[in-house]
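Okay, so here's the structure we're looking at.
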Amino acid sequence: MPKTLHIANSLTRKKEEFKPIHEGRVGMYVCGPTVYNSVHLGNCRTFMSFDVIYRYLMHLGYKVRYVRNITDVGHLVGDSDDHDAEDKISKRARIEQIEPMEIVQKYTVGFHEKMQLFNCLPPSIEPRATQHIIEQIEMVQQIIDNGYGYEKNGSVYFDTIKFAKESGVYGKLSGRILDDLISESRDNLKNQSEKNHPADFAIWMKAAPEHIMRWNSPWSEGFPGWHLECSAMSTKYLGKTFDIHGGGNDLKFPHHENEVAQNHGACGCHPANYWLHTNMLLMNGAKMSKSVGNTITPDELIGGDSHLISKGYSPMVIRFFNLQAHYSSPLDLTDEGLQAAEKGYRRLMEANKTLQAFTHPDGGSDGALNSEIAKLIAETEEEMNDDFNTPKALAKLFELASKINGLKDGHLDWEALADDTLANLKQLYQSYIFDIFGLKEEGESGGDNGVLSGVMELVIDLRQNARANKDWGTSDKIRDKLNELNVVLKDWKDGTSWSVN
RNA sequence: GGUCGGUUGGCCGAGCGGUUAGGCAGAGCUCUGCAAAAGCUCGUACAGCGGUUCAAAUCCGCUACCGACCUCCA
């Protein structure tokens, strides 16, 4: 387990020590959503994963500039380089019979709501493609000037084959083999319209007459290619070369590969030192897709409004569920798995409440328990340094939960625990659960001015009297009735605690 | 078809050469008026077949399944 942060770099396919370009600072770019529809649950997983990465980098003391774009133009339906292909936003606008920018607004707002629900921190900058048309046009020009772009009938294409041959870079990220790309031409050269080669891709597209979203450019009235926005905006806000580029692994090809090509083509340098790819969210063993019939929206998952699940799961349970798997592994969403996560989440939160309420009876000494706990604390940190291993770090927190419960239970001896170890443990739990994992307490009404707790104190007191008189009828009635109201009573040796479910 | 990756106990999911992952579920016990919670103990694993090694879930080969990408996708 490493003492310093190590990251699995998709570019090199190796785990490497993380070294930022500028000491103490990190620039991170993550491909955001195309806002033509409600957010896909898979999007949420990716952004939750990067949220934890963002939070952990800050925890390590880095000043992080986290850029996550909003794609609001250029993403086409179907064949991406076909003039008749429709822009995703435009298409939706036509269906809903409103302006494209109304679509963008509507689904951007919806996206932000979901991000907030899942407790994802907003990125430092959230640039939109339509706000950076000028930068994109400039980049197209640079690519042309450097000999990697060519214009045909108002559209501009990236000369992939030329770039691939000259740079030796193309295909590195996604593991494509250059020969395969080149030989592709024999198969479908015939039906290519304007491109010199099927592997070439549009960086500027001339708009068909009926195309609504269009801007003036030196080549035509048109719109930028999808891959271009990320190159242009990452360069603008993070520089020509920055630290981390992230996204779902389904973007590796062609999106990220083409992004790399564009950056090289424009400025002759590699955009990011470390590439991170999150893996897919599966539903009952397969990637969610409409044809398989295993899709579920965030709202349906939370509301329990789907035949795929037996009940609704809260956003924090879903977040916890996500933390139990490594970001680079596929995660299978199942009803049983979610139920397990729900209980695990509660157990962890309960342990934290117990822990934070601890006061050390007497300054303990350095016993076996002390070193055991100190070791687990250190290991938690090291697990996160190992490529953000949240499931492993979480496992350590659970091992610590046993210790916490043991102390509360009287099973473990306070004498064997030193004051500063307890303080460290409190600090660890607090920062991991809330700051790094981004979990939070749920179902807390708040703002009742302590009325509820006052009432509960009274009720528990009355019930305590009944119990003292062995009036089990009354005491059980109170407990049962409260249970119906989702208030759970637990009788401990030294009193009764309550919580709202 | 091509290219990657995966196959771990009832379920989810870590580990990637020697050591308990963890969560959930299950069994027994302790505590308790009962319950809940908690604690203690326990069981069932590394797809199959070969190989390398003192030692393999972990490395290599083959086979069988599964998935992703190759076309829009987080």
Side-chain angles (χ1 to χ4, degrees), chain A residues 13 30-34 36-37 39-50 71 75-82 85-86 88 171 174-177 180-181 183-184 198 226 246-255 257 277-282 285-289 320-321 323-348 350-351 354 379 383 386 389-399 401-412 467 470-472 475-476 479-480 483 488-493 496-497 499:
Chain A
R13 282 148 231 265
V30 173
C31 290
T34 302
Y36 69 108
N37 211 337
V39 232
H40 186 101
L41 194 62
N43 275 272
C44 297
R45 144 115 128 141
T46 293
F47 300 138
M48 276 191 266
S49 297
F50 281 109
T71 298
H75 209 157
L76 303 183
V77 181
D79 188 351
S80 60
D81 295 330
D82 185 342
E86 202 171 3
K88 285 189 170 183
S174 60
R176 299 291 123 156
I177 296 161
D180 290 354
L181 280 166
S183 65
E184 230 184 290
W226 172 43
N249 77 176
D250 52 354
L251 291 183
K252 247 191 212 174
F253 190 87
H255 184 58
E257 195 69 76
H277 286 99
T278 56
N279 217 127
M280 298 295 103
L281 183 67
L282 311 179
K287 185 178 174 179
M288 285 189 211
S289 79
F320 179 90
F321 180 72
L323 289 166
Q324 281 185 305
H326 191 83
Y327 74 83
S328 65
S329 302
L331 176 60
D332 195 5
L333 197 69
T334 60
D335 195 50
E336 229 176 341
L338 286 163
Q339 284 186 23
E342 186 166 55
K343 297 205 173 160
Y345 163 72
R346 291 222 179 108
R347 181 158 183 238
L348 184 68
E350 276 298 313
T354 305
E379 284 172 349
E383 296 296 0
D386 186 12
N389 198 333
T390 56
K392 210 67 197 286
L394 208 49
K396 296 295 174 192
L397 292 188
F398 273 108
E399 287 185 54
S402 297
K403 306 289 181 206
I404 293 165
N405 289 328
L407 283 164
K408 181 185 169 72
D409 202 61
H411 186 83
L412 294 175
R467 292 181 70 208
K470 305 209 176 199
D471 178 2
W472 309 129
S475 103
D476 288 353
R479 189 173 62 198
D480 294 345
N483 218 336
V488 179
L489 292 188
K490 289 170 194 166
D491 294 326
W492 302 88
K493 259 185 186 153
T496 300
S497 68
S499 59

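Order of the sequence lines sets the chain letters (A, B, ...), proteins ahead of strands, with each chain counted from 1.
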B:A35 and B:C29: how far apart are their P atoms, nearest whole angstrom? 13 Å

So does A:D250 reach the base of B:C72 with its side chain, donor to acceptor, closer than 3.5 Å? no

Looking only at B:G23, B:C34, B:A74, the nucleotide nearest the A:H40 side chain is B:A74

Measure from the side chain of A:R479, starting at C-beta and using heavy atoms only, and say which of B:A74, B:G15, B:A35 lies closest. B:A35

Within the 4.5 Å heavy-atom criterion, are A:D250 and A:H255 side-chain neighbours or not? no

So does A:S329 reach the base of B:G6 with its side chain, donor to acceptor, closer than 3.5 Å? no

Counting any heavy atom closer than 4.0 Å, what does A:E336 reach on the DNA or RNA strands: base, sugar-phosphate only, or nothing? sugar-phosphate

Whole Å only: how far is the CG atom of A:N405 from the C1' atom of B:A37? 9 Å

Give the nucleotide from the list B:C72, B:G22, B:A25 with an atom nearest to the side chain of A:Q324. B:G22

Under 4.0 angstrom, heavy atoms only, what part of the nucleic acid is A:L397 near: base, sugar-phosphate, or nothing? nothing

Which heavy atom of A:P33 sits nearest to which heavy atom of A:N43, and what is that distance? CB-OD1, 4.0 Å

Looking only at atom P, what distance separates B:U7 and B:C16, rounded to whole Å? 13 Å

Less than 4.5 Å apart, any side-chain heavy atom of A:H277 and any of A:Y327? no

Taking B:A14, B:A68, B:C70 as options, the one with an atom nearest any side-chain atom of A:N249 is B:A68

Of the listed nucleotides B:G33, B:G23, B:C70, the one nearest the side chain of A:A340: B:G23

For A:F398 and B:G23, do the ring centres fall under 5.5 Å apart while the planes stay under 30° apart? no

Scanning both residues in full, the closest heavy-atom pair of A:G344 with A:F320 reads C-CZ, 3.8 Å

Can you identify which nucleotide, out of B:C12, B:C24, B:A37, has its nearest atom closest to the A:F321 side chain? B:C12

For A:K343, which contact category applies under a 4.0 Å heavy-atom criterion: base, sugar-phosphate, or nothing? sugar-phosphate

How is A:E399 classified with respect to the nucleic acid when contacts are heavy atoms under 4.0 Å: base, sugar-phosphate, or nothing? sugar-phosphate

Can you tell me if A:N279 touches the phosphate of B:G67, counting only side-chain N or O atoms and a distance under 4.0 Å to OP1 or OP2? no

Of all the nucleotides listed (B:G33, B:A36, B:A21), which has the minimum atom distance to the side chain of A:P391? B:A21

Quick one: look up who B:U53 pairs with, Watson-Crick or G-U, both distances under 3.5 Å, and put none if it's unpaired. none

Determine the contact category for A:H326: base if any of its heavy atoms lies under 4.0 Å from a base atom, sugar-phosphate if only primed atoms, P, OP1 or OP2 are that close, otherwise nothing. sugar-phosphate

Would you say A:K408 places a side-chain N or O within less than 4.0 Å of OP1 or OP2 belonging to B:G39? no

A:K392 has a side chain; which of B:A38, B:A21, B:G23 sits nearest to it? B:A21

